[in-house]
Amino acid sequence: MTERFIAFEGVRKSYDGKSYVVRGLDLDVARGEFLTLLGPSGSGKTTTLMMLAGFETPTHGSITLGGGRIERVPPHRRNIGVVFQNYALFPHMTVGENLAFPLKMRRMSKADVTQCVRHALDMVRMSSFEGRRPNQLSGGQQQRIALARALVFEPQLVLMDEPLGALDKQLREHMQLEIKHLHNRLGINVVYVTHDQSEALTMSDRVGVFNDGTLQQIASPHDLYEAPANPFVATFIGENNAIAGEVVELSNGTCRIKASDGSLISAIPGGGLKIGARTTLVLRPERISLAEDLAGANRFTAHVNELIYHGDHMRLRVTVCGCDDVRIKIPAGAGRTPQPGAHIDIGWAREDCRALAQS
Amino acid sequence: MAITLSDEVVRNAIDTAALTRRLRGLRRRSRIKALLLVAPLMLFLLSVFVLPIGLLLTRSVDNSDVSLALPNTATALSSWSSEHAPDEPLFAALAADLKASSRERVAEAAKRLNNYESGIRSSLLKTARTIRKAEAPYQPAFVEADPRWATPERWAALKQAMPRLTDFYLLAALDLQRDEMGRITGVAPENAVHLDVLIRTFVVSISVTLSCVLLGYPLAALMARSTGWVANTLLILVLLPFWTSLLVRTSAWVVLLQSRGIVNSALIWLGLLDPTQPLELIYNRAGVLIAMTHILLPFMVLPIYSVMKTIPPVYMRAASSLGAPPSSVFWRVYLPMSMPGVSAGGLLVFILALGYYITPALVGGPRDQMVSYFIAYYANQVTNWGMAAALSAILLVAVLVLYALYNRLIGIDRLRIG
Ligand SMILES: Nc1ncnc2c1ncn2[C@@H]1O[C@H](COP(=O)(O)OP(=O)(O)OP(=O)(O)O)[C@@H](O)[C@H]1O
Ligand SMILES: [Mg+2]
């Protein structure tokens, strides 16, 4: 990580004076980083973002931006671009006037305003829409204008609160790429809020997973996916099987878990494990294989409960290791498909399976 | 991406003229459907509102009283001109009419004729009484009853009164008249009252509208911002005046504002005012403005409030995130977005104020009466329907002109009540 740009230290926030919706947030963001805050509804993502933008004040703790504390700086002096969930384009102004607004507020000369507006419109490929009103634009077009408006005054930091929530899937994916490209090109900081995990994984340098007002884990998409820190993250990011068990052996970098039906499983231990402790084993559906020539450390016989067709792949729901909801993902057309009621051999490598302390 | 056709492709693929025609057809069809939906209401309005008002307004140009009562005279006068002295056929025609028409008819006509020559009314009524008993030749009998029957001016006045339509009342409502040659001139200054009244009506209405905006806008903003019981209480307080009769509210202002009233007593008690010189707050312009502003305030507050309620706070946040200090957020975002409410409230209050009658009558002085007072005066006290209708017509036209102007400047489609 290079230079520290944003820092939350011990930030807590309460709206009603009774409970905290953000509790003890410590977070560092490097300059130029694309950080995504991901979490279920009501987990405090928007609140965190609004504290950064200056619309909410933290109850405790400090927030620094570029080295200076900003809790007492009013929003209009923070120089942070914000893209709101429903775009918040001013309906009484044309697209051009919307983009010119932040520049006029900065007392820029008329000629400069015109040029910057044109440049920003070019950037989002909306040059021919300058004279339209926001209600004459489609959702995706409004989204682009909102983006351009948050960028036109060249802030170092842009906050986006579920900016793509209202768009259909195809347009959303297209806009994800566009935002990502803009970020790479301009070298600005982005803090992005979403509860769509695939969006978080594809766009971000790092992802912070929120649950219930606390930051569960902050890591690169790869680490988050491959090495979740706790069962919440493991099940929230992508699909994971969770098998309950007890630690019976623990050595450096490996451990053995006894499942509820007595079978022993080799796994990689997460932090905070102790012998005899209850644990949750997490295992991705696509890492379980059916082939007969299994070389992995863990091999079991499973009972097939259900077979679900998904087009490009199929899912089996099986009972194994005392858990009756273990899902297995197999590519379509991969030989013979097991039928419900059958007993099959399955297995997975030790490296694909992590034992996480139960929180 | 396959799904987003570029505009270029779409534009080239479609024949624009055909498209425009088709769109217009579709729009017309939906407009006809909408019209059918409101047809019952339209019929109702037509029969109880538009028709009666239209009939009333025709009174402002209607002049058939005289020609209906004196049809023979009308025919005789059509071939007569004021260079000649009145001759026996004229007298005979008038005598026949006076004998044939009922007393009421003649009385109506006489009243009408008085507009053309003052004094003709009593003269005609007196003459009618003698002529009913007289025999031909009639001329001596007429001249005996009133020597003016021998003058051509008297007959010229009768001739002037014969056409069925007249602009007399409309001109009079604007302090204008026609002289003997038929040219339009101003009336004598001591008779010129109507223009003054019309101007006063507009000045009072504009002042009331402005003070309603100034007082109502902050109140509406406060209401829109508050939540829970505060918002409810404020709303009830604003609506409260609707639950009391207009007359009660106006009378309450009399109690409050009179020289020994609550306001003056309080000021004297506080030592802010010399007891021998209480403020003159009633029976003058100040009283009218205070009472009318109070009564019309809800009509300003409610439209503004309901528009403000629909402005999501995120716009204000967006503005300040873009670098706008609180004052700019207000002037450049909040005010323009609440403007439809302000203009709706303004139009409502202004038009209501134009027609105000009871309040100025009770709390105003003689120089504060508005045009409705005079319409009522002509209609109820002197039964001059022509004058009442003409003043109404002028008021209506003024409102329509203002409305058109408003539509040009602001656009009626931007007006929002809720
Ligand atoms: N203005 C407010 N007053 C009181 N409570 C609030 C306020 N705003 C948010 N909360 C509460 O704070 C908690 C966190 O809300 P927040 O908006 O940060 O969630 P979020 O993670 O953005 O959720 P979502 O994904 O649904 O947008 C929620 O329980 C919410 O009810
Ligand atoms: Mg949110």
request  = Could you tell me which portion of A:F101 (side chain, backbone, both or neither) has an atom closer than 4.5 angstrom to a non-hydrogen atom of chain B?
outcome  = side chain
ask   = Just wondering, more than 12 heavy atoms not from A:E154 lying within 6.0 Å of its CD?
value = no
message = With a 4.5 angstrom heavy-atom cut-off, is it the side chain or the backbone of A:R78 that approaches chain B, or both, or neither?
response = neither
key: Among the listed options A:L89, A:N79, A:L159, the residue most often paired with chain B at heavy-atom distances under 4.5 Å   = A:L89
message = Give me the atom names and distance for the closest heavy-atom approach of B:Y315 to A:F90.
response = O-CE2, 3.4 Å
ask   = With a cut-off of 6.0 Å (strictly less than), are more than 12 heavy atoms of other residues, nucleotides or ligands near CH2 of B:W243?
value = yes
Residues from residues 317-335 of chain B approaching chain A under 4.5 Å (heavy atoms) = B:R317, B:A318, B:A319, B:S320, B:S321, B:L322, B:G323, B:A324, B:P325, B:P326, B:S328, B:R332, B:V333
message = Using heavy-atom distances under 4.5 Å, tell me whether A:L103 contacts chain B through its side chain, its backbone, both, or neither.
response = neither
Pairs flagged by ring-ring contact (aromatic ring centres under 6.0 Å, His included) wherever residues 33-57 of chain A is involved - sequence neighbours left out = A:F34-A:H183, A:F34-A:Y192
query = Within residues 62-72 of chain A, which positions have a heavy-atom distance to chain B below 4.5 Å?
reply = none
inquiry  = Sort by residue number and list every residue of residues 108-124 of chain A having at least one heavy atom under 4.5 Å from chain B.
reply    = none
Atom CG of A:D196: over 12 foreign heavy atoms under 6.0 Å = yes
